[in-house]
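Throughout, a chain's letter reflects where its sequence line sits, starting with A, and its residues are numbered from 1. FYI, side chains are in, hydrogens and waters are out, and symmetry mates aren't considered; it's all heavy atoms of this structure. Not measured: the values here are computed from a predicted model.
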Amino acid sequence: MTSPTRARRTVLAVLGVVLLLAAAQVVGRTGVAGPSWPPMTDVVAYLLDETRRATVLRAAGATVASAAWGLLAGVLAACATAGVGLLLPPLRPGLDRLAALLHAVPVIALAPLLITTVGRESTPAVVAGLGAGFVVFVAVSSGLGLGGGTSTHDDVFTTFGASRVRRLVRLQLPRAVPTLLDGLTLAAPAAVLGATIGEWFGAPRGLGVLVVSAMQNFQVDLLWAAAACATVLSLLAYGVTTVAQRAAVRRVS
Amino acid sequence: MPRTTSDVTTPTLTLTPPPRGAAVALDAVGKTFGLARGRSVTALQGVDLQVADGEFVAIVGPSGCGKSTVLRMVAGLEAPTEGTVAVEGRAPGDLARSHRLGVAFQEHALLPWSNVWDNVALPYRLAGRPVDRARVDALVELVGLQGFEKARPRQLSGGMRQRAAIARALVLHPDVLLLDEPFGALDAVTRRRMNRELARIWAEERITTVLVTHDVEEALFLADRVVVMTGRPGTVRHVHEVAFARPRGAELTRSPEFHEAVDLLTGLLDAESTPA
């Protein structure tokens, strides 16, 4: 990629965001979408106040912590489950179906179960982990080639008499890294949003709590500030993991 | 085929000992692949082939004649549905498991995350042996890649990648070398140059080699014997003894004897592919 086209793409991306914000500002200013759509400048002004900003940032810190724990637990659980599938091939179809089933159950249906089992404090992390874990599980499984199908690389390893462990270490794991990180780029924002939603079910702190409370008290500016903060966190998570993913792809291809 | 009724353990073991000096022996080999809805296709039928120790045999034939299947069976990647395949008198997979087989495929299949040197050294690591650095260096030089040790496969040309793959196949001093159209994806000029280099490398190593190709000139230039296969089901149509003296150079390919042999084998292939 040459630098002029990259610069052009950056300009276009910034322009797109500016246009979107400007449109939102116009809608808010004219009031065509009703009183629950404020002008964007009001949301920014709301966050300029130090105590209010501190409230939102404290909530964001709690959400980030829940999302991070959930992401970590989800990635570990996904890798462990994929590892079981790797060692015990007959279990693979069952594990796939279990993961799909868990993913298909709406969070709202799981909420009462989670509140009584893991408690209100841990529910955000668990909801974040469920969303992130499923994506990572699918990515790792396909990266390890658990879906069947062999490449010439597999044939090469067979003809050199590679043992299962050496095949895993020298072929399957390095080959799975870009797909795993691909999964992470989707799992990280999913964890942030999962944590926010998980906070709706009675968590003590977090952006989700702010959203619920702002909705019930008709604090439109707070509602939008919390939502904007969750969106920015989600985008940041995506950006960071994408950088890691690109670096890995450069390394292994 | 007469069979002795002695201890039969697995169907891939030979029941009659192969002829003396036969490193690779295919005896009445057939291969049927199952298709959907109970149908099946016979890829190979009644293939007999013996490769002597230290011999270079080329198998030529049109696409889909089953020549790659023959090679994959010798490599232990596929099992025959009829007959027996023996390498050094044992099941083909045994040779791979004891790290004495070298294979180069049409796709170079180098590890993209490793550099040339590490790719050539890979068989040592897969065999769990300490890497013989001098041997790896020597092979990198033999295939003309010195100076490119630290390059990754994607930084190399197609010909260089294939040379690295051949070095990797040779590094452990294999008893048997299998080449499945290793230059099939290269242009004609690069291909001829690679053939001359392979002839030079082979002259230094003298390994029992089976080469699969669709290129009659390549087969005649490199091999001691050329096996002509014809398709559906694949069978051995003709075995041609190549009498040209070694070392063989580019001038051989311009000689009338060479052209005569090319015409003969091409004629055999063309006759078979014309619909009856």
Side-chain angles (χ1 to χ4, degrees), chain A residues 1-2 79 82-83 86-87 89 93 136 139-185 241-253, chain B residues 68 71-78 87 92-115 118-129 152-155 161 164-166 168-172 174-182 184-185:
Chain A
M1 200 192 317
T2 55
C79 291
L86 186 71
L87 295 175
V136 174
V140 174
S141 297
S142 85
L144 287 174
L146 298 188
T150 55
S151 65
T152 315
H153 284 129
D154 294 285
D155 287 345
V156 166
F157 274 59
T158 305
T159 56
F160 283 126
S163 67
R164 264 177 76 168
V165 174
R166 294 204 177 102
R167 184 188 296 264
L168 179 68
V169 171
R170 297 209 170 265
L171 179 61
Q172 289 174 302
L173 289 183
R175 188 167 60 182
V177 169
T179 347
L180 165 69
L181 290 172
D182 248 352
L184 265 187
T185 61
T241 45
T242 301
V243 169
Q245 198 269 346
R246 294 217 177 123
V249 167
R250 266 200 301 280
R251 180 68 194 85
V252 303
S253 64
Chain B
S68 283
L71 203 83
R72 290 179 65 81
M73 288 196 292
V74 176
L77 293 170
E78 308 251 7
V87 181
D94 285 3
L95 197 74
R97 275 188 290 277
S98 52
H99 318 293
R100 286 184 291 131
L101 177 66
V103 185
F105 295 94
Q106 177 168 359
E107 299 159 58
H108 57 84
L110 300 171
L111 298 180
W113 50 82
S114 292
N115 62 33
D118 286 321
N119 264 297
V120 175
L122 177 73
Y124 280 107
R125 294 176 174 138
L126 295 185
R129 294 180 201 161
R152 301 259 223 96
R154 69 186 156 95
Q155 298 168 309
R161 288 178 203 156
I166 287 171
R168 178 178 66 181
L170 289 169
V171 76
L172 288 182
D175 293 2
V176 175
L177 176 65
L178 304 177
L179 303 171
D180 188 2
E181 306 232 20

Chemist: Grab the two heavy atoms, one from B:G128 and one from A:R166, that are nearest each other, plus how far apart they are.
Modeler: CA-NH2, 3.4 Å
Chemist: Contact part of B:L110 toward chain A, heavy-atom cut-off under 4.5 Å: side chain, backbone, both or neither?
Modeler: backbone
Chemist: Step through the shown structure and confirm whether more than 12 heavy atoms of other residues, nucleotides or ligands are within 6.0 Å of CZ on A:R246.
Modeler: no
Chemist: If every non-hydrogen atom of A:F160 is compared with every non-hydrogen atom of B:A169, which pair is closest and at what distance?
Modeler: CZ-CA, 4.1 Å
Chemist: For each of A:D155, A:T158, A:V156, tally heavy-atom pairs with chain B at distances under 4.5 Å, and name the one with the top tally.
Modeler: A:D155
Chemist: Count the heavy atoms belonging to other residues, nucleotides or ligands that lie under 6.0 Å from CD of B:E78, then report whether that count exceeds 12.
Modeler: yes
Chemist: So, taking the atom named CG in B:D180 and the one named OG1 in A:T159, what distance separates them when rounded to the nearest 0.5 Å?
Modeler: 11.0 Å
Chemist: Which atoms form the tightest heavy-atom contact between A:R170 and B:W113, and what is the distance?
Modeler: O-CZ2, 3.4 Å
Chemist: With a 4.5 angstrom heavy-atom cut-off, which part of B:R152 approaches chain A: side chain, backbone, both or neither?
Modeler: side chain
Chemist: I need the residue from B:R154, B:R97, B:H108 with the largest number of non-hydrogen atom pairs under 4.5 Å to chain A.
Modeler: B:R154
Chemist: Using non-hydrogen atoms and a 4.5 Å limit, figure out which bit of B:R72 sits close to chain A: side chain, backbone, both or neither.
Modeler: side chain
Chemist: Need one label for A:R250: side chain, backbone, both or neither, based on atoms under 4.5 Å from any heavy atom in chain B.
Modeler: backbone
Chemist: Can you tell which part of B:A75 gets under 4.5 Å to a heavy atom of chain A, answering side chain, backbone, both or neither?
Modeler: both
Chemist: Where on B:L77 is there a heavy atom nearer than 4.5 Å to chain A: the side chain, the backbone, both, or neither?
Modeler: side chain
